Structure formats: structure tokens, C-alpha cells
Amino acid sequence: MSNHQKEINSFMDLVTAKSPHEPEFLQAVKEVAETIIPYMEEHVKYKKYNILERMCEPERAITFRVPWIDDKGNYRINRGFRIQMNSAIGPYKGGLRFHPSVNLSILKFLAFEQVFKNGLTTLPLGGGKGGSDFDPKGKSEREIMMFCQSFMTELRKHIGASVDVPAGDIGVGGKEIGYLFGQYKRITGEYRGVLTGKGIEYGGSLVRTEATGYGVVYFSKEVLNRNNDELKGKICLVSGSGNVAQYTVEKLLDFDAKAITLSDSGGFIYDPEGIDREKLEFVKELKNKRRGRMSEYVEKYPSAEYHAGKTPWGVKADFAYPCATQNELNLEDAKELVKNGAKGVFEGANMPTTPDAVEYFREKKILYSPGKASNAGGVATSGLEMAQNSQRLHWSRDEVDNKLKQIMTQIHDNCVRHGKESDGYIDYVKGANIAGFVKVGDAMLDQGHV
Ligand code: NDP
């Protein structure tokens with residue numbers, strides 16, 4: 001066993017001893033440790049001051065009770081969380097997730113990833129994440145509003161425009177952000193940019209809704225440019241059917257690529273003719289307004305197929321964009337993709353690829369970008385929303401979109417700088433981890449042992 005591997009193992013033993021029942025968090029830390037520990041051997045100041053270990057310990061992890069009453073008059077309780085992971089380079093920033101699977105492990109993994117991602121954006125954003133095990137599926141509008149109000153009644157004690165600025169994530173879209181913002185304003189009496197992803201009418205930024213999906217495609221375009229390839233005419237697999245998936249498909253259409261799949265937790269649809277703009281509008285209406293299921297797509301477009309309980313990775317395509325959730329693409333899927341000739345995998349979701357599948361892509365020299373780099377356009381545009389709120393100004397669509405493009409290009413270039421291997425292959429995992437680590441680590445070194 002190499003010395004690096006021994007160091008990685010003993011570091012992981014330490015983190016595991018402190019958080020033994022947090023598999024997703026440990027998975028995210030291990031992936032970072034594998035690239036950062038060898039880097040620290042050559043850059044000893046980070047090792048001397050224990051920067052990586054400090055980055056694994058949240059500055060603060062808050063859990064709280066969220067009481068609400070359902071439409072039948074039942075008294076209900078959910079658990080609320082906010083993980084304030086790292087504020088070295090700016091106020092904590094990261095989304096809120098409402099999903100029954102939410103627990104401390106998932107939110108700590110997301111907050112940890114967020115620290116690196118936000119470090120990559122070039123903006124002054126610390127890292128955090130929060131949410132609740134509340135399941136919005138099947139709930140009435142009144143129930144969702146009541147839940148959001150109760151959640152914010154507690155959360156507002158811990159957030160602020162210069163303290164911690166949450167946004168949306170799975171299960172928290174524009175509607176929920178509106179209810180959360182309304183309650184914050186009602187309790188505090190202050191009109192402040194304390195949340196991002198707000199409606200355009202009340203302080204939101206143009207392009208924020210589209211930013212994560214658009215950014216993923218801008219990033220993949222940079223990767224392809226570097227490899228003398230392009231999106232035009234390419235067949236793409238997209239998973240998920242929420243915010244990130246929808247705007248990934250929209251931007252792929254802008255670049256004349258053809259997305260042929262979408263999915264939800266019930267299964268995936270395969271549309272060999274491609275998901276065009278009219279079909280995409282149908283999906284937006286189905287998922288955002290009617291909160292429907294992807295199985296309804298084939299009722300409307302019978303030439304498409306629905307595969308219940310399956311993911312799209314067995315379909316032949318040039319590129320894959322996993323945009324649903326963590327660990328949705330495993331080693332078997334990775335092998336299937338490579339066997340079918342896929343040349344690139346660009347993550348829209350956070351940690352959608354299992355570690356053995358990531359390793360397989362690297363081994364096969366497949367172009368692969370981790371979510372913390374390729375989906376950073378969402379939080380970057382949240383940073384632009386904060387800047388507009390502070391200025392009390394509203395930038396045009398083009399201005400925000402151009403800034404988003406520039407940021408994705410800068411993130412890409414930074415990954416290349418730190419991830420270039422001797423044979424010219426770009427290890428985007430290594431590049432993203434080191435670039436994010438150096439930015440946050442240097443700020444921590446300057447600020448002392450706090
Ligand atoms: P949405 O809630 O809008 O959509 C989530 C989608 O993923 C839905 O189609 C949902 O299906 C599907 N999904 C959720 N859980 C599972 C599961 N266990 N198995 C299969 N499908 C599942 O969320 P977003 O689009 O905002 O987020 C998607 C991913 O992107 C997440 O990993 C999120 O953390 C990440 N992300 C989001 C950003 C943003 O700006 N929104 C920014 C950066 C990253 P169903 O309808 O059945 O629940």
C-alpha cells in the first residue's frame with residue numbers, strides 16, 4: 001500500500017469515528033481526500049494547519065422541530081436542518097431540500113460539496129445546505145405553505161443576508177421560496193436578500209431558474225471544445241425531470257443536440273425522436289404545475305417508451321447528463337454507457353455517480369465532470385442575485401447569462417489547470433477538488449485557527 005493510501009485510510013478512520021452513521025457524507029469526504037491528501041504532501045502548509053480535517057467539521061449543524069397541521073386537522077412533525085459548513089470566503093450559501101430521504105448524512109455531504117463548488121465560482125460564497133424530511137408530494141398548496149411558514153419561523157433565527165443565504169434544491173422551487181420569503185419578511189419586518197431563487201417581481205434574478213441546467217451544458221461545451229468536438233447533432237441522455245433536467249434539455253436544444261430521455265423516481269421515458277421544445281413545455285407543465293409523473297409523457301406522445309423502475313443509462317448515446325439525485329448511476333450503468341460508445345458524462349445533480357463508476361470513467365479516459373464543477377452555475381447565479389439585491393438593481397437577461405457563461409468558462413479553466421495529467425487527460429475531479437480547496441484553504445490560513 002502506498003504512503004498516500006495509508007494517509008487516506010487513517011484520515012478516513014478519523015472522520016468515520018466522528019460520523020460513523022453518515023455514509024453519503026463519508027463518500028463525499030473520501031472522494032475529496034483521495035485527491036487532496038496527495039496534493040498536501042507537496043503543499044505542506046495545508047497539512048501543518050490541518051485544513052482538510054477542519055473543512056470536514058461543520059462550523060454549525062442546526063436541527064429543529066417543524067410542527068404543522070395537515071388538511072385533515074392532524075398534528076404533524078418534521079425535522080428541519082441547516083448545516084453551516086464553512087464561512088471562510090463568504091456567508092454560508094446552499095439550497096434547501098424537502099424530501100423524505102433527507103437526514104444529517106445527506107445534508108452534510110451536500111454542504112461539504114457546496115464548500116468546494118462555491119470556492120470554484122469565483123464569488124464570495126461560503127458553503128451550507130439545509131432542508132427537511134417533509135415530502136411535498138401529494139400535499140395540498142395550503143399544507144405546503146403552512147409547512148414553509150413553520151420551517152422559516154425557526155430557520156430565520158439562523159440566517160441573514162450577510163450570514164447565511166439559502167436557496168432551492170430538490171422539492172424546493174420558486175413557489176416554496178416565495179412562501180419562505182413571505183414568512184421571513186413577516187416575522188422580521190425587513191425586505192432583505194435572505195434567500196435566492198426568488199420571483200423576478202420581488203428581487204429574483206433573471207436566468208436563476210435556468211442557471212444550473214444552462215451552466216451544465218455551457219460547461220460540457222467547454223470540455224468538448226477542448227477536445228475538438230461539439231454538441232451539434234449529438235444524442236444525449238438526461239435523467240431527472242425537475243429544474244436541472246428541464247433546463248439542461250432546453251440548452252441542449254439551443255446547441256442543436258438531441259435529448260432522448262428524462263426520468264423521475266418512477267422510471268424513465270425514451271423518446272427516439274428527441275424531446276423538442278413543445279414536448280419540453282409539456283414536461284414543465286406536467287412536473288412544475290400539475291406535479292405529475294413521467295409515465296404520462298407516453299400517453300401524450302405514444303411514439304416514446306416508458307420503462308418503470310429503470311434509469312436511462314442503458315440507452316445508446318454520445319453523452320450523459322445525470323440530473324436527478326445522488327448515486328443514480330452505478331458501475332454497471334457506467335459499463336453499459338461505455339460499451340454503447342458514450343464519450344462524456346456531465347453531472348447536473350450532486351454526486352449522481354457512485355465512486356466505482358467514477359473510477360471506471362477515469363480508467364477508460366471518458367470525459368467526466370463532477371457536479372461540484374459542472375452544476376456550479378446555479379449557485380453562481382444565486383451569487384449574482386445577491387449582488388443585485390445588495391445594489392438594489394436588476395440586471396438584464398443577457399447580462400446575467402453572459403456572466404454565467406464567463407463563470408462556467410473560468411471554472412472549466414481552473415479545473416484544467418489543476419487536473420491535467422501527464423498524458424494530457426483532464427481529471428476534472430482532481431481539478432475541481434484542488435481548485436476549490438486552495439481557494440477556501442488559503443482564506444482559512446489567513447484567518448487563523450477559528
Ligand atoms: P427537482 O426537485 O426540481 O427535481 C428532482 C428530480 O429528480 C425529479 O425528477 C425527481 O423525481 C428526481 N428524483 C428525486 N429523487 C429521486 C430518486 N431517488 N430516484 C430517481 N429520481 C429521483 O430538483 P432539482 O432539479 O433542483 O435537483 C436535481 C439535482 O440537482 C439534485 O441533486 C440537486 O442537489 C442538484 N442541484 C440543483 C440545483 C438547483 O439550482 N436546483 C443546483 C445544483 C445542484 P420525482 O418527481 O419522482 O421526485
Side-chain angles (χ1 to χ4, degrees), residues 24 28 93-102 106-107 109-111 113-114 116-118 120-121 125 127 129-131 135-138 166-177 195-197 204-205 207-216 219 238-250 261-269 283-284 286-297 307-313 321-330 333 346-353 370-383 385 404 408:
E24 293 85 0
K93 181 89 196 90
L96 297 171
R97 176 177 292 192
F98 290 170
H99 193 272
S101 65
V102 162
I106 289 189
L107 292 180
F109 120 62
L110 289 164
E113 292 262 304
Q114 195 81 46
F116 290 80
K117 184 188 309 193
N118 293 4
L120 287 168
T121 63
L125 304 170
K129 200 84 189 187
D135 186 359
K137 277 204 196 90
D169 189 69
I170 292 179
V172 179
K175 184 179 300 207
E176 290 76 15
I177 293 289
L195 290 162
T196 58
S205 172
V207 195
R208 173 60 189 93
T209 307
E210 300 90 332
T212 307
Y214 279 17
V216 178
F219 191 94
V238 180
S239 66
S241 49
N243 172 275
V244 180
Q246 291 168 17
Y247 291 101
T248 295
V249 172
E250 186 163 295
T261 63
L262 279 171
S263 70
D264 62 17
S265 46
F268 82 93
I269 61 106
V283 173
K284 286 184 188 172
L286 175 74
K287 295 306 275 189
N288 308 351
K289 300 223 171 84
R290 288 199 277 127
R291 296 181 190 260
R293 312 303 306 153
M294 279 314 287
S295 52
E296 295 170 53
Y297 184 98
H307 298 269
K310 298 247 161 61
T311 52
W313 316 123
Y321 292 81
C323 296
T325 192
Q326 64 273 2
N327 294 329
E328 54 161 319
L329 196 164
N330 61 27
D333 301 323
F346 310 106
E347 293 184 347
N350 285 312
M351 210 168 73
T353 311
K372 63 169 84 80
S374 42
N375 74 25
V379 70
T381 309
S382 277
E385 181 173 331
L404 169 63
M408 296 317 293

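As the structure is a prediction and not an experimental result, all values here were calculated from the model. By convention here, the first residue in the shown sequence is residue 1. In listed order, ligands and their atoms are each counted from 1.
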(message) Is there a side-chain contact between V216 and M408 in this structure, where contact means two heavy atoms from C-beta onward sitting under 4.5 Å apart?
(response) no
(message) List the residues meeting salt bridge (Lys or Arg N to Asp or Glu O under 4.0 Å) with E176, not counting sequence neighbours, and say none if there are none.
(response) R291
(request) Only counting residues at least two apart or in another chain, list the ones meeting salt bridge (Lys or Arg N to Asp or Glu O under 4.0 Å) with E250. (result) K284
(request) State plainly whether the residues E347 and K372 are in salt-bridge range, i.e. N to O under 4.0 Å. (result) no
(message) Counting only heavy atoms and a distance below 4.0 Å, can you name the residues contacting ligand 1?
(response) R97, H99, K117, K137, D169, I170, G171, R208, T212, G240, S241, G242, N243, V244, S263, D264, S265, K287, R293, C323, A324, T325, G348, A349, N350, N375
(message) Less than 4.5 Å apart, side chain to side chain, heavy atoms only: is that true for L96 and D169?
(response) no
(request) List in chain and number order the residues that pass ring pair (Phe, Tyr, Trp, His ring centres under 6.0 Å) with H307, two or more places apart in sequence or in another chain; answer none if no residue qualifies. (result) F268
